[in-house]
2 protein chains.
Amino acid sequence: MSSKKPKKVNIKYIAKIAGVSPSTVSRALRDDPNANKETKKRILKIAEELDYYPNLLAKGLRSKRTKTIGVILNDLKNPLYYDTIKAIEDKLNEVDYTMILCDSNYSQEMERKNIITMLSKGVDGVILSPVNAKSENIKIIIENNLKAVCIDAVPNYKNINYVYVNHEIASFVATEYLIKNKHQHILLLNGPYQLSSSKAFLKGYLKALKKYSIKPNRALIKYIDLSIESGCEFFKKIYQDRKIVGNINFTSILCLSDLLAIGIYKASHELGFSIPNNYSVIGYDNIFATEYLSPPLTTVHAPKIRVGKYSVDILLEQIEGKDTEFKKIDLEPRLVERGSVKKIS
Amino acid sequence: MSSKKPKKVNIKYIAKIAGVSPSTVSRALRDDPNANKETKKRILKIAEELDYYPNLLAKGLRSKRTKTIGVILNDLKNPLYYDTIKAIEDKLNEVDYTMILCDSNYSQEMERKNIITMLSKGVDGVILSPVNAKSENIKIIIENNLKAVCIDAVPNYKNINYVYVNHEIASFVATEYLIKNKHQHILLLNGPYQLSSSKAFLKGYLKALKKYSIKPNRALIKYIDLSIESGCEFFKKIYQDRKIVGNINFTSILCLSDLLAIGIYKASHELGFSIPNNYSVIGYDNIFATEYLSPPLTTVHAPKIRVGKYSVDILLEQIEGKDTEFKKIDLEPRLVERGSVKKIS
DNA sequence: TTCCTTTCTGGTAACGTTGCCAATAATAAC
DNA sequence: GTTATTATTGGCAACGTTACCAGAAAGGAA
């Protein structure tokens, strides 16, 4: 132990100390079966004493595996993702993987950049909430053989996994619930037009209307940004300027996101309206705190934790090569009755 | 262009196509000033056509810079962190950095593991919300020369940056506010005992009591886990079994976290108590949705976005080597008056 | 004894990039 | 015209690890 500790302890140095070759040290550290048990123990002890930690860049470069997965989301601001992120982290932690987290801000350009970054960083896989289901970006993933799971949208490509919370069912269930409670005029507050979730949500809404032979009214279908502020602004404008929704009356509002519903709560508060007396509100996602609102928000629960868990499960299976089949998982959202819908039977 | 595209386009291959050396390609791609403008343009075009993306593992290994920073949090479940995470992401995105996100779950062991992982992955710096201010783990950071910014706690070491939301001031301000509104008996719902934030919070609370010559009562100081459930359970138990708080009466509750406050809202709802009529509640953090609760939660706002922004600023400055001085930033929280405290003047 | 496994180890090269230095060509200076 | 300077390039080695192969040592079977 005469040679002094270098700036950075590496395998070579451990090898010198232990009097063996770097290969042997590498094998010992990796717990390779082709390594003597005693040697392993001895080397592990030395490594420990020297506060050795591996250089995962080198390891990844050589072995083509990084034990890292990328998580590319559309909108980090949306609390919707919190549970999913947490669930992903938990699962990954169990198997000693780490996560690189990115936000695409609903921009295809950003999403593309993020995917390329993941490729560059050599992640073993990605979990992606795509901006658009038909996105060219998904093609990049496929072409580069990057293991991936889409969440939040059913991608327009066969060769890709997804875990999808069925938005169509969500809006169908919600709309039907409203109709059954004697709401015929339902204002649909949808997300931005180009979003695939908006499209799916509209579909379910129309389907439910059709089932009950209610003629949809274009004036009652609105596309706005997914944020509390946006929902609030929009709703206040309706009352400042009746023209926006024309002279149509509605008795209830269905929102693509709980954020929009909260926006309506806020606007209502400022305008002096009362929910559900003046109109009913129903949200989607069942994000944090909606149950503590006043009135507690009736919403459609999206199983966000399961989305995270399943995504990781699928990804890991594919990374380990245990299963090469593409997984397509459809999760059903379920209505959570609370207090924001006036019930008439 | 006779040689066909390899599985993975790399610098060597581009060099072959362009008829130059790898060094030249590398320089061109890095926009090195020691490279001819025309050559650069030509090479960039070829790289583009070949859908080249760099191998950042190799780049990082060689250059000792990864344009990645680690974010190690204590409790991903707490919505408190999401504004910070978002702010970090935004800032990093501007400068083409990425973030590795980890959760330590209040465990020193996990935190240690996470720090080692960051070291192993060669991140350029970390943002850390330490489990404990005196943590040995921070020593690991210092010893390994890892650039770091602590958030959420003032570390017990000089050679480290921090951006701190002053918990002591937070609880002082809140306590004073309660006292001024004629609350003498304040139940302090603190976080786990060993948490440094709990200690600071207690300090501010005691300081305020002292200022107004109110004798603190040990029975009114409670340490519980930071979650809605924990707060709710605890509070329900108080009424199921009076022994827990003895026979002391309190007229108000100060919580280390809005989560605990929400827990009390929940318990109160179930028990049939009304806030602020039966007791006042004041929270801390001003997390998402607290303003929409009923009654809107009076709380102490923590500037979470600024914490994220400043942390990244500091970190980047240190990484770029522009500034080697250690930065110690103290941010003042401010009271947000809403409706959960009964006002008596 | 010889030969064949099995167990373990060491050596070499490679992953894809960049730092460094030497070499060349082009230009400017004298 | 010679020399100094600048601009640009190529070659080599290295970052720290592991894949792969060859070979030594040990043990077992014949």
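Letters A, B, ... mirror the listed sequences (proteins, then strands); counts begin at 1.
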Exercise. B:T117: what forms a side-chain contact (heavy atoms from CB on, under 4.5 Å) with it, not counting sequence neighbours?
Worked result: A:T98, B:K121
Exercise. What pairs with B:K327 under salt bridge (Lys or Arg N to Asp or Glu O under 4.0 Å), at least two apart in sequence or on another chain?
Worked result: B:E317, B:D323
For this session: Can you sort out the partners of A:D75 under salt bridge (Lys or Arg N to Asp or Glu O under 4.0 Å), two or more places apart, ordered by chain and number?
Result: none
Exercise. Excluding sequence neighbours, so at least two apart, what forms side-chain contact (heavy atoms from CB on, under 4.5 Å) with B:K304?
Worked result: B:L80, B:D83, B:T84, B:N286, B:H301, B:A302
Exercise. What parts of residues 34-45 of chain A reach DNA chain C, counting only heavy atoms under 4.0 Å away?
Worked result: A:N34, A:A35, A:N36, A:T39
For this session: To the nearest 10°, let me know how far the axis at one end of the helix from C:dT1-D:dA30 to C:dC30-D:dG1 is tilted from the axis at the other, five pairs an end.
Result: 50°
Problem set entry | Rounded distance in Å - OH (A:Y13) to P (D:dG16) | 14 Å
Exercise. Considering residues at least two apart in sequence or located in another chain, which fulfil the ring-ring contact (aromatic ring centres under 6.0 Å, His included) criterion with A:Y106?
Worked result: none
For this session: With sequence neighbours left out, write down each residue that passes salt bridge (Lys or Arg N to Asp or Glu O under 4.0 Å) with A:E48, or none if nothing qualifies.
Result: none
Seminar exercise, completed: 5' to 3', nucleotides 17-24 of chain D under a 4.0 Å protein heavy-atom cut-off (B base, S sugar-phosphate only, - none) gives BBBB----
Exercise. Is the shortest distance from a Lys or Arg side-chain nitrogen in B:D124 or B:K67 to a carboxylate oxygen in the other one below 4.0 Å?
Worked result: no
Seminar exercise, completed: B:R65 atom CZ is separated from C:dG19 atom C1', nearest whole Å, by 15 Å
Seminar exercise, completed: Residue pairs meeting side chain to side chain donor-acceptor pair (under 3.5 Å), one or both in residues 156-165 of chain B, sequence neighbours left out, come to B:N161-B:Q318
Problem set entry | Contact under 4.0 Å: B:S21 side-chain N or O vs D:dT9 OP1/OP2 | no
For this session: With sequence neighbours left out, write down each residue that passes side-chain contact (heavy atoms from CB on, under 4.5 Å) with A:S23, or none if nothing qualifies.
Result: A:S21, A:R27
Problem set entry | Contacts of B:D103 that satisfy salt bridge (Lys or Arg N to Asp or Glu O under 4.0 Å) - sequence neighbours left out | A:K86
Exercise. Mapping B:L57 and A:P33 onto DNA chain C by nearest heavy atom, which one lands closer to the 5' end?
Worked result: A:P33
